[in-house]
Asks: 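Attaching a single structure in structure tokens format; questions to follow.
Residue indices begin at 1 and follow the sequence shown. For the numbers below, each heavy atom of this structure counts, side chains included, while hydrogens, waters and symmetry mates do not. Please read these numbers as outputs of a predicted model, since none were measured by experiment.
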Amino acid sequence: MKKVLLLSLSLSLFSAQSFAFDAKDWKLRLRGLAIVPDDSSTTTVLNNTTGQGSGVTVDNNLVPEIDITYMLSSHWGIEVIAGVSNHDISVDGTSTATLAALGVTDGTKLFDTWVLPPTVTFQYHFLPENTFRPYLGAGINYTAFLADNATTTAETAFGGGIKVSTENVWGYAIQAGMDYDISESWYLNLDVKYIDIDTSAKLGVTSGALAGNVLNVDVDVNPWIVGIGIGYRF
């Protein structure tokens, strides 16, 4: 009996009661995303010297996202995603005496930034005629860093105002996901993406005794983005 029930459940995922995507169909989705950076960085350095401190880390975030896919055929589609997220960038590790003397130690939040990562992927849908439809995709990403803001803690440590500049960058994106029909027009979606984001940040002291000094760091953000949501076809 257990085997029969398991077989019935498996077959139900691929049942004939499906509403296949066809050429020229549009798919609109609203997803909740967990953004988990797989980050690494060089050491933070003052004025392009070496050995001046630890690296930095980028925090996780949960955000809403909207995306749309245009089906070129029943198997092939192009997806575009849009959304923004805010992230804190903090010191990661024990600083050397140069920065520690300023109070810039492990865990010190240096700045936060808004990230706009429009991404386009080219997808292949394996089972367009089934209720359960897995897919793979690959494409390109452009990440813009907006409204970088130094923290009061960082400005106090450096004794003056700080101007933050984070470089906008291009990278690649890969994805895997699945759609599951719940009606003729509506379906559930699970999607996982990995995005290559390698950038650099400069924190320039604009006033006070350390005016003119610049703190530099290169950061590989490289986030995993896990999304779950609901979609509508039209």
Side-chain angles (χ1 to χ4, degrees), residues 28-45 53-69 79-93 104 106-121 137 139-158 160-175 177 189 191-207 213-229:
L28 180 67
R29 300 191 194 97
L30 178 64
R31 291 190 284 222
L33 303 183
I35 302 174
V36 184
D38 183 18
D39 54 30
S40 62
S41 73
T42 60
T43 57
T44 53
V45 297
S54 60
V56 296
T57 186
V58 183
D59 73 341
N60 304 336
N61 205 350
L62 298 173
V63 298
E65 174 252 37
I66 191 168
D67 66 86
I68 192 165
T69 299
E79 179 190 87
V80 180
I81 70 168
V84 295
S85 61
N86 182 264
H87 295 274
D88 295 339
I89 289 78
S90 303
V91 174
D92 182 30
V104 181
D106 185 30
T108 299
K109 179 181 170 182
L110 298 174
F111 68 98
D112 69 86
T113 184
W114 286 92
V115 181
L116 175 66
T119 303
V120 178
T121 58
I140 193 168
N141 161 265
Y142 179 77
T143 299
F145 295 90
L146 311 172
D148 299 329
N149 292 302
T151 63
T152 300
T153 300
E155 291 183 330
T156 299
F158 285 91
I162 296 177
K163 180 180 179 180
V164 183
S165 176
T166 308
E167 181 184 9
N168 299 338
V169 292
W170 291 90
Y172 67 85
I174 55 177
Q175 74 179 144
N189 174 259
D191 185 272
V192 179
K193 289 185 178 70
Y194 177 83
I195 299 180
D196 172 61
I197 303 176
D198 302 337
T199 187
S200 60
K202 299 181 183 297
L203 289 77
V205 184
T206 59
S207 59
N213 282 271
V214 179
L215 189 68
N216 302 275
V217 64
D218 295 325
V219 187
D220 296 341
V221 183
N222 300 342
W224 288 94
I225 302 175
V226 181
I228 186 168

Asks: Show your reasoning for whether side-chain contact (heavy atoms from CB on, under 4.5 Å) applies to Phe158 and Asn213.
Replies: CA-CA 9 Å; Phe158 285 91; Asn213 282 271; 5.8 Å; no
Asks: Flag the pair Val115 / Thr143 as yes when at least one side-chain heavy-atom distance between them is below 4.5 Å, and no otherwise.
Replies: yes
Asks: Stepwise, does the side-chain contact (heavy atoms from CB on, under 4.5 Å) test hold for Tyr172 with Ile140?
Replies: CA-CA 4 Å; Tyr172 67 85; Ile140 193 168; over 6 Å; no
Asks: Please lay out, stage by stage, how Thr166 and Asp148 fare under the test side-chain hydrogen bond (donor to acceptor under 3.5 Å, both in side chains).
Replies: CA-CA 7 Å; Thr166 308; Asp148 299 329; 3.1 Å; yes
Asks: Hey, does Glu65 have a side-chain heavy atom less than 4.5 Å from the side chain of Leu30?
Replies: no
Asks: Evaluate the side-chain proximity of Asp191 to Leu33: yes if any heavy-atom separation is below 4.5 Å, no if none is.
Replies: no
Asks: Run the side-chain hydrogen bond (donor to acceptor under 3.5 Å, both in side chains) test on Glu167 and Thr199 for me, step by step, so that the C-alpha distance in whole Å, both residues' side-chain angles and the decisive distance to 0.1 Å come before the verdict.
Replies: CA-CA 6 Å; Glu167 181 184 9; Thr199 187; 4.8 Å; no
Asks: Hey, are the side chains of Val219 and Val58 touching, using non-hydrogen atoms and a 4.5 Å cut-off?
Replies: yes
Asks: Could you tell me if the side chain of Asn189 sits less than 4.5 Å from the side chain of Arg31, heavy atoms only?
Replies: yes
Asks: Is any NZ, NE, NH1 or NH2 atom of the basic residue among Lys163 and Glu155 found under 4.0 Å from an Asp or Glu carboxylate oxygen of the other?
Replies: no
Asks: May I ask you to test the Thr113-Ile89 pair for a side-chain heavy-atom distance under 4.5 Å?
Replies: yes
Asks: Please report the shortest heavy-atom distance between Gly83 and Pro117, naming the atom on each side.
Replies: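 Taking Gly83 first and Pro117 second, the nearest heavy atoms are O-CD, 3.1 Å.
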Asks: Do you see a donor-acceptor pair shorter than 3.5 Å between the side chains of Asp196 and Asn141?
Replies: no
Asks: For side-chain contact (heavy atoms from CB on, under 4.5 Å), just list the numbers for His87 and Ile35, CA-CA rounded to whole Å, side-chain angles, deciding distance to a tenth of an Å, and then say yes or no.
Replies: CA-CA 10 Å; His87 295 274; Ile35 302 174; 3.9 Å; yes
Asks: Where is the tightest heavy-atom contact between Leu116 and Leu146, given as atom of each residue plus distance?
Replies: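 Looks like CB-CD1, 4.0 Å.
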Asks: Verify, without hydrogens or angle tests, whether Thr151 (side chain) and Lys109 (backbone) share a donor-acceptor contact under 3.5 angstrom.
Replies: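 Flag set: sc Thr151 to bb Lys109 pair under 3.5 Å.
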Asks: Looking at OG of Ser40 and CG of Asp92, how far apart are the two atoms once the value is rounded to the nearest 0.5 Å?
Replies: 10.0 Å
Asks: Rounded to the nearest 0.5 Å, what separation is found between the OG1 atom of Thr43 and the CG atom of Asp218?
Replies: 9.5 Å
Asks: Indicate yes or no: at least one non-hydrogen side-chain atom of Val214 is less than 4.5 angstrom from one of Leu203.
Replies: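 A side-chain contact is absent here, since even the closest heavy-atom pair is not under 4.5 Å.
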Asks: Of Val104, Thr44, Thr57, which is the lone residue that meets side-chain contact (heavy atoms from CB on, under 4.5 Å) with Val91?
Replies: Val104
Asks: Any heavy-atom pair between the side chains of Phe111 and Asn149 that's under 4.5 Å?
Replies: no
Asks: Say whether, by atom type as modelled, one donor and one acceptor occur between the side chain of Asn222 and the main chain of Ile197 under 3.5 angstrom.
Replies: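 Yes: the side chain of Asn222 pairs with the backbone of Ile197.
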Asks: Do you know which two heavy atoms are closest between Ala173 and Thr119, and how far apart they sit?
Replies: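 It is CB-CG2, 3.7 Å.
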Asks: Between Ser90 and Gly107, which heavy-atom pair has the shortest distance, and what is it?
Replies: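 Closest heavy-atom pair between Ser90 and Gly107: CB-O, 4.0 Å.
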Asks: Heavy atoms only: give me the nearest Leu110-Ala154 pair and the separation to one decimal.
Replies: O-CB, 3.6 Å
Asks: Of the non-hydrogen atoms in Asp88 and Asn86, which two are nearest, and what is the gap between them?
Replies: OD1-OD1, 4.1 Å
Asks: Does Ile66 form a side-chain contact (heavy atoms from CB on, under 4.5 Å) with Arg29? I'd like the steps, not just the answer.
Replies: CA-CA 6 Å; Ile66 191 168; Arg29 300 191 194 97; over 6 Å; no
Asks: Is Ser41 reaching over with its side chain to a backbone N or O of Val56, donor-acceptor style, under 3.5 angstrom?
Replies: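 Pair found, side chain donor or acceptor close to backbone of Val56.
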